[in-house]
Amino acid sequence: MSNLHLYDSLTGALRRFEALNAPHVGMYVCGPTVYSDVHLGNTRTFLSFDLLFRYLKHLGYQVRYVRNITDAGHLENDADAGEDKIAKKARLEQLEPMEIVQRYTLGFHAVMQAYNALPPSIEPTATGHIVEQMELIKKLLADGYAYEAKGSVYFSIETYLQNHPYGELSGRSIDDLETGTRELEGQTDKRHPLDFALWKKAMPEHIMRWPSPWSEGFPGWHLECSAMSTKYLGSEFDIHGGGMDLKFPHHECELAQNKGATGHGGARYWLHANMLTLNGKRMAKSTGNTLDPRDLLTGQSEHLSKAYSPGAVRFFMHQAHYRSVLDFSDSALQAAEKGYHRLLASMQILRKRPAQGPEQGTWNFGEWDAACTEAMNQDLNSPILIAQLFEATKAIAADQNDPKVLGVSGAKELLGRMEVWMYEVLGLAPEHQANNQQWQKALDSAMSVVLDLRQKARETKNWPASDALRDTLAEGGIVVLDGPEGSSYRLE
RNA sequence: GGUCUCGUGGCCGAGUGGUUAGGCAAGGCUCUGCAAAAGCCUGUACAGCGGUUCGAAUCCGCUCGAGACCUCCA
């Protein structure tokens, strides 16, 4: 069905993608914990997987894309003294936990929509799947992979190791892990330091709690993904994605839970998107080194010199490979924005191209398009895809002087494919066309009058008058473009 | 401290055992009343030191530097 290759973290190799039940593809991505606003780093991860989702669809797959909302809150740490993050924030703001969840879920959706990310097929919540999580615990208990201690249930690494390797995803050995384990207060209930909680008995101050056979408590933080991916995609499915920081321990534990409960690890391909850094440091809610994706659109941040369009930001992100660390800076974003605008302008030229020249051009359209596909097939190499789009720009420019380059149908074909790659695959919405049609119409008519006036001034060589018009418009963000066929304008 | 990843031209950022990534910036030119925009041309890089090889920036070792994970985090 395709020649897509994906880098699988489990095997550490580039593997040809073969869907388990083509043309259906099951894809699970770890979603956000909704106790605060998503930051730009989170956004990058979700846009990376949006790119994958879009490309799989582009290839003709029918994708069921499941991305969870973690609304049950996780422990602060693995100790009994741990506090539910959502409950903590709720007390801080004097709000109900679910009020916090609602607020930040809506905020998350707004950001995803603003950046033109396609919604997942299913967006299950952890609190909506407590029953499934408890069923999973029961299964693990029955099979001996878990044990109960003082109302809490833990996953037993020692039992697991008798049948399966642990650490295969993150490439860690048990010895390494044990060396790195800290002695925390309250870990005494665990039989082994690497055991992790499946169910935690709630402390009195814990607000979010559910009754269970073991205690009134709440599920462990690795459990929801195992429960929900199994429920909606089956015990074996195609792709599991998430941020690089989730590889260990979250995905490692998830994998162990899956294997313990079903015998299957879950996904056949484990994908990890790399971090976005700010000032060379990882962006994280907990350290305050963050950038709000909405601030980029308004320019309201100490890190920004101006506002950017969502498309420019997406373009910036896709100019780097999803498995590379990308460092954010205002100047890097500005550079990306310029290139992005040039690309859009080039497509606009193609749209307005008169039907002249031969039917077929000399430019090798097929080879170019194949190179675009090849780039994406190589583990979603969007930087190379974008480089190819710039190659097309050169052909379009050459065609302006010599219509033999693209030809009439060649030009149409190229435009169609560029739109597919830009809009459909890279998710760069044609933003300037969609919104404010009424304003656009009004501005166009006003500008035609102004440009007409200026043209008259130029014809009489009244340079001071024509330049004054140009300067005034420039102050308002309108750039006048003088060309051989008269003047036009664009918004800065 | 342990595990791992990375270090590319002024900046961002792909890729690769022997052939131009691309973008931004810069310089030159074309166009232009001037400017802007646009187009064309130019740049010869791959942390350092050794090694393997006919040949390495690409493989191996060491050194230096950066980052991630080991603890909630996309």
Side-chain angles (χ1 to χ4, degrees), chain A residues 12 29-33 35-36 38-49 70 73-79 82-85 167 170-173 175-182 184 221 241-250 252 272-277 280-287 290 315-316 319-321 323-329 331-340 342-343 345-346 349 375 378 381-391 393-394 396-398 400-401 458 461-463 466-467 470-471 474 479-484 487-490 492:
Chain A
V29 171
C30 290
T33 303
Y35 62 77
S36 66
V38 289
H39 55 66
L40 197 64
N42 300 306
T43 308
R44 183 194 182 200
T45 296
F46 297 127
L47 291 181
S48 292
F49 288 108
T70 297
H74 293 153
L75 292 173
E76 291 277 33
N77 54 46
D78 227 6
E83 187 177 20
D84 184 304
K85 277 194 172 174
S170 53
R172 286 155 204 264
S173 70
D175 290 345
D176 293 336
L177 287 167
E178 286 184 26
T179 327
T181 304
R182 289 188 199 172
L184 290 173
W221 64 284
M244 197 74 101
D245 52 346
L246 295 184
K247 198 192 242 180
F248 189 88
H250 183 60
E252 196 73 71
H272 290 96
N274 219 134
M275 304 289 101
L276 177 75
T277 59
K281 296 276 185 197
R282 142 154 216 210
M283 220 177 263
K285 295 169 192 173
S286 50
T287 60
T290 68
F315 189 79
F316 164 72
Q319 254 189 324
H321 186 83
R323 280 195 294 116
S324 296
V325 175
L326 173 62
D327 189 46
F328 177 89
S329 71
S331 57
L333 186 51
Q334 264 186 49
E337 184 190 44
K338 284 192 183 178
Y340 174 53
R342 203 159 68 77
L343 215 41
S346 186
I349 287 170
Q378 284 300 312
N381 202 322
S382 53
I384 288 192
L385 170 61
I386 289 173
Q388 288 300 327
L389 293 172
F390 279 109
E391 291 301 326
T393 295
K394 285 180 187 166
I396 292 166
Q400 287 293 293
N401 294 322
R458 295 180 75 203
K461 297 200 193 299
N462 186 352
W463 307 129
S466 76
D467 289 355
R470 187 173 65 196
D471 293 346
V479 183
V480 176
L481 308 162
D482 291 334
S487 302
S488 59
Y489 77 97
R490 81 176 151 75
E492 187 52 66

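Among rG33(B), rC73(B), rA74(B), the nucleotide with an atom closest to any side-chain atom of Trp221(A) is rC73(B). Proximity note for Asp467(A) (side chain, C-beta onward) versus rC34(B), rC72(B), rA74(B): the nearest is rC34(B). Among rG22(B), rC34(B), rA37(B), the nucleotide with an atom closest to any side-chain atom of Arg490(A) is rA37(B). Closest contact between the side chain of Asp245(A) and the listed nucleotides rC73(B), rG22(B), rG33(B) involves rC73(B). When distances are taken from the side chain of Arg470(A) to each of rC34(B), rG23(B), rA74(B), the shortest belongs to rC34(B).
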Under 4.0 Å protein heavy-atom contacts per nucleotide of nucleotides 3-10 of chain B, with B for base, S for backbone only and - for none: S-------
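Qualifying side chain to side chain donor-acceptor pair (under 3.5 Å) partners for Thr277(A), counting only residues two or more places apart in sequence or in other chains: Asp327(A). Listed by chain and residue number, Arg44(A), Leu276(A), Phe316(A), Met317(A), Ala320(A) satisfy the side chain to side chain contact (heavy atoms under 4.5 Å, CB included) test with Leu326(A) (two or more places apart in sequence, or in another chain). With sequence neighbours excluded, the residues that form a side chain to side chain contact (heavy atoms under 4.5 Å, CB included) with Asp482(A) are Arg454(A), Arg458(A), Arg470(A), Val480(A), Ser487(A). Listed by chain and residue number, nothing satisfies the salt bridge (Lys or Arg N to Asp or Glu O under 4.0 Å) test with Arg172(A) (two or more places apart in sequence, or in another chain). For Asp245(A), the side chain to side chain donor-acceptor pair (under 3.5 Å) partners two or more places apart in sequence, or in a different chain, are Arg282(A). Among residues two or more places apart in sequence or in another chain, the side chain to side chain donor-acceptor pair (under 3.5 Å) test is passed with Ser488(A) by none. For Glu337(A), the salt bridge (Lys or Arg N to Asp or Glu O under 4.0 Å) partners are Lys306(A), not counting sequence neighbours. With sequence neighbours left out, the salt bridge (Lys or Arg N to Asp or Glu O under 4.0 Å) criterion links Arg490(A) to Glu492(A).
Straight-line distance between the P atoms of rG65(B) and rG51(B): roughly 24 Å, to the nearest whole Å. The separation of rG15(B) from rC54(B), taken at their P atoms, amounts to 29 Å, rounded to a whole angstrom. Taking atom C1' in both rG17(B) and rU3(B), one finds a spacing of 29 Å when rounded to whole Å. Distance check on atom C1': rU52(B) versus rC41(B) gives 41 Å, rounded to whole Å.
Contact annotation: side chain of Asp482(A) to base of rA35(B), donor-acceptor pair present below 3.5 Å.
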What's touching nucleotides 12-15 of chain B from the protein side, N or O pairs under 3.5 Å?
residue	atom	partner	partner atom	Å
rG13(B)	OP1	Asp327(A)	N	3.4
rG13(B)	O2'	Gln319(A)	O	3.4
rA14(B)	OP1	His321(A)	N	2.7
rA14(B)	OP1	Ser324(A)	OG	2.9
rA14(B)	O3'	Asn381(A)	ND2	3.3
rG15(B)	OP1	Asn381(A)	ND2	3.2

Find every protein N or O atom lying less than 3.5 Å from an N or O atom of nucleotides 39-41 of chain B, and list the pairs.
residue	atom	partner	partner atom	Å
rG39(B)	OP1	Arg342(A)	NH1	3.2

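Counting any heavy atom pair closer than 4.0 Å across all strands shown, Glu391(A) reaches sugar-phosphate atoms only and no base atom. Base engagement by Gly41(A) is indicated by at least one non-hydrogen atom pair under 4.0 Å involving a base atom. The residue Lys338(A) sits close only to the backbone: its heavy atoms come under 4.0 Å of sugar-phosphate atoms, none of a base.
Along RNA chain B, the nucleotide nearest Thr45(A) and the nucleotide nearest Gly483(A) are compared for position; the residue whose nucleotide lies closer to the 5' end is Gly483(A). The residue among Ala345(A) and Thr277(A) whose nearest nucleotide of RNA chain B is located toward the 5' end is Ala345(A).
Across every non-hydrogen atom of Ala273(A) and Phe49(A), the tightest pair is CB-CE1, 3.9 Å.
The side chain of Lys247(A) places no N or O atom within less than 4.0 Å of a non-bridging phosphate oxygen (OP1 or OP2) of rA68(B).
Both thresholds, 5.5 Å between centres and 30° between ring planes, are met by Trp463(A) relative to the base of rG33(B), so the two rings are stacked.
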Pairing string, 5' to 3', for RNA chain B - Watson-Crick or wobble contacts under 3.5 Å, brackets [ ] where pairs cross, | to another strand: (((((((..(((.....[...))).(((((.......)))))....(((((..]....))))))))))))....
